[in-house]
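Here's the structure, in structure tokens; my notes come after.
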Amino acid sequence: MGFNEEVLRLAGKIPKGKVTTYKEIAKKLKTKAYRAVGNALNANKQPVIIPCHRVVKSDGSLGGYCGVMNSKKKKFLLEKEGIKVKGNKIADFSKKRFRFKK
DNA sequence: AGTCGAGCGCGCA
DNA sequence: TGCGCGCTCGACT
């Protein structure tokens, strides 16, 4: 089980209607490679099981994009799940934020 | 408060 | 083999 596999697995555990951050994932993996987390999502082999649109930056920004997906689509998906998105940021981010069980 | 740079793990050239 | 990236944080201005 490589680093990216763990990242993908964790990302897949995010409940519907919730979001998490790259930071949370990195911390869960006991690493400081926050960038590698995003990189893993980018290089994921199974985009369908990876709701990367639920993974955002720690300040609530959507971040970049998700593979072939553009930021617009990402925003749309988030709103569809009940998450308010203001511009390219999560409106009630602190409320919808999901933390992995330690 | 805003900007800059460093550091991590993996992928691609 | 080496550099960069979908980030984050600390330090300096």
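No hydrogens, no waters, no symmetry mates; every other heavy atom, side chains included, goes into these values. In what follows, every chain begins at residue 1, and chains take the letters A, B, ... in the order their sequences are listed.
In this structure, A/Y34 atom OH and B/dG5 atom P are separated by 20 Å, rounded to whole Å. Between the C1' atom of C/dG6 and the NZ atom of A/K75 lies a distance of 18 Å, rounded to the nearest Å. Rounded to whole Å, the distance from CD1 on A/I25 to P on C/dC7 is 13 Å.
No donor-acceptor contact under 3.5 Å links the side chain of A/R35 to the base of C/dG4.
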message = Only Watson-Crick and G-U wobble pairs with both distances less than 3.5 Å should count. Give DNA chain B in dot-bracket notation, marking inter-strand partners with |.
response = |||||||.|||||
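A/R54 has a carboxylate O that lies under 4.0 Å from a charged side-chain N of A/E81, or vice versa, which qualifies the two as a salt bridge.
With hydrogens and angles ignored, the 3.5 Å screen pairs no side-chain donor or acceptor of A/K57 with any backbone N or O of A/T21.
Along DNA chain C, the nucleotide nearest A/N39 and the nucleotide nearest A/D59 are compared for position; the residue whose nucleotide lies closer to the 5' end is A/N39.
The side chain of A/Y65 has C/dG6 as its nearest neighbour among C/dG6, B/dG7, B/dC10.
The residue A/G64 sits close only to the backbone: its heavy atoms come under 4.0 Å of sugar-phosphate atoms, none of a base.
A side chain to side chain contact (heavy atoms under 4.5 Å, CB included) with A/I83 holds for exactly one of A/L77, A/V56, A/I90; it is A/I90.
Separating the CD atom in A/E24 from the OH atom in A/Y34 is a distance of 10.5 Å, to the nearest 0.5 Å.
Nearest heavy-atom pair, A/V85 versus A/E79, reported as atom, atom and distance to 0.1 Å: O-OE2, 3.5 Å.
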